[in-house]
Amino acid sequence: MNSAFTEWMAAKQARTEAALGRFLPARDSLPQRLHEAMRYATLGGGKRVRPLLVFAAGELSEAPPERLEVVASAVELIHVYSLVHDDLPAMDDDVLRRGRPTCHIEFDEATALLVGDSLQTLAFELLAGQALGERQIEMIALLAHASGSRGMAGGQAIDLASVGKALTQAELELMHALKTGALIRAAVLLGALAGQSLREQEQRQLDRFAKRAGLLFQVVDDILDCTASTATLGKTAGKDEAADKPTYITLLGLAGARDYAENLRHEALIALSGFGERARRLTELADFICHRPF
Ligand code: GRG
């Protein structure tokens, strides 16, 4: 990673953290325990990949940064809600997230359910309540679709139903296109929608990039789950194998999954080639997603 990109990334992560801190209800406002738990789950951790994608895609369409921080926060709130619910005993049943006890361990299960519910609705309150330009309604609909039963929640349902089953690559890809890919794609498209209109061909190429980047993120997540330590990941490593989940490792083997990730990165970059310098940060982010250590 070059140092200009590292600095850009640190600045956007800090901007996201500050925006989330402002948008979340104050710790001492009622109901205090719920608000404290919402802040605990959201602040002070995570790579903020989705907000980074929002900011990077916003550079393509010259979107105003103050709009992008609203969009980036909304997408991250949906992501954090999904992590809090995914960690519950009824789903993945995990005790460690972002290097700390999961929300239901630090607080309790009922609070964690309400944290997820409240983060999700706060995301839409933000998107609807701030001025985001001419395509605001389209943006709200896009995030809602990406989060619901035909997006992330639907992918999670397929995931839960797939434990112990052998899936084909096409079935695995559909599951991940929904569970992980839909929100990553939404982050990219929303960042671009917050600025000037792109040409139709540019929109198609950006969508192609977004889909490849979403799949790449998941393939690398599978690789890291079986190669990195719990301490590095900040979440329990080796969970896929322990839960007998179909992954890109079970399907392609470790070397095959690495080759596949490299191909996806390459395809993602080809999709951006027509944008030239405007896509510099998106290009660097695809490299980061592919080679990240956690
Ligand atoms: C509960 C509706 C609902 C959905 C859950 C996100 C999700 C769907 C489940 C999480 C399980 C999982 C390991 C998904 C694979 C990819 C993923 C989303 C990893 C976590 O995202 P990162 O690495 O996490 O961006 P940080 O902490 O950096 O934000």
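Here, residue 1 is the first one in the sequence, and each next residue gets the next number. Counting convention: from 1, in listed order, for ligands and their atoms alike.
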Query raised in the report: What residue among Q13, H79, E76 forms side chain to side chain donor-acceptor pair (under 3.5 Å) with R48?
Result: E76
Query raised in the report: Which residue and non-hydrogen atom of the protein lie closest to atom 2 (C) of ligand 1, and at what distance in Å?
Result: Y81 OH, 3.5 Å
**Report entry** Protein contact of atom 8 (C) of ligand 1 - nearest heavy atom, named by residue and atom, plus distance
**Finding:** Q156 OE1, 3.4 Å
Requested in this report: Could you list the atoms of ligand 1 found under 4.0 angstrom from a heavy atom of R98?
Outcome: 26 (P), 27 (O), 29 (O)
Query raised in the report: Under 4.0 Å from ligand 1, counting heavy atoms only, is it the side chain of D221, its backbone, both or neither?
Result: side chain
Query - atom 12 (C) of ligand 1: the protein heavy-atom neighbour that sits closest, reported with distance to 0.1 Å - result: K179 NZ, 4.0 Å
Query raised in the report: For atom 17 (C) of ligand 1, which protein heavy atom lies nearest, and how many Å away is it?
Result: F217 CE2, 3.9 Å
Report summary line: Quick note on ligand 1: atoms under 4.0 Å from a heavy atom of H85 include exactly 1 (C)
Requested in this report: Write out the residue and atom name of the closest protein heavy atom to atom 7 (C) of ligand 1, then the distance separating them to 0.1 Å.
Outcome: S82 OG, 3.9 Å
Query raised in the report: Hey, what's the ring geometry for F5 with W8, parallel, tilted or perpendicular (30° and 60° as the breaks)?
Result: parallel
Report summary line: Under 4.0 Å between heavy atoms, the region of K47 that gets near ligand 1 turns out to be both
Report task. Using a strict cut-off of less than 4.0 Å between a Lys/Arg side-chain nitrogen and an Asp/Glu carboxylate oxygen, indicate whether E277 and R280 qualify as a salt bridge. Result -> yes
Query raised in the report: If you round to the nearest 0.5 Å, how far is CZ of R212 from CD of E267?
Result: 4.5 Å
Requested in this report: Tell me which protein heavy atom sits closest to atom 15 (C) of ligand 1, plus the residue, atom name and distance to 0.1 Å.
Outcome: Q218 OE1, 3.4 Å
Query raised in the report: Should K245 and D159 count as an ion pair when the cut-off is N to O under 4.0 Å?
Result: yes
Report task. Write out the residue and atom name of the closest protein heavy atom to atom 10 (C) of ligand 1, then the distance separating them to 0.1 Å. Result -> D86 OD2, 3.3 Å
Query raised in the report: Can a donor-acceptor pair be found between the side chains of D207 and Q203 at a distance below 3.5 Å?
Result: no
Report task. Please determine if R100 forms a cation-pi arrangement with Y40, meaning its NZ or CZ atom is less than 6.0 Å from the six-membered ring centre and no more than 45° off the ring axis. Result -> yes
Report task. Using only heavy-atom distances, determine whether the side chains of T232 and S229 contain a donor-acceptor pair under 3.5 Å. Result -> yes
Query raised in the report: Quick one: does R50 get a heavy atom under 4.0 Å from ligand 1?
Result: yes
Report summary line: atom 24 (O) of ligand 1 sits nearest the protein heavy atom H79 NE2, 3.6 Å
Query raised in the report: Is the closest heavy-atom distance from F294 to ligand 1 below 4.0 Å?
Result: no
Query raised in the report: Is it the case that one hydrophobic cluster holds both M175 and Y248, taking links as side-chain heavy atoms less than 4.5 Å apart, direct or via other members?
Result: yes
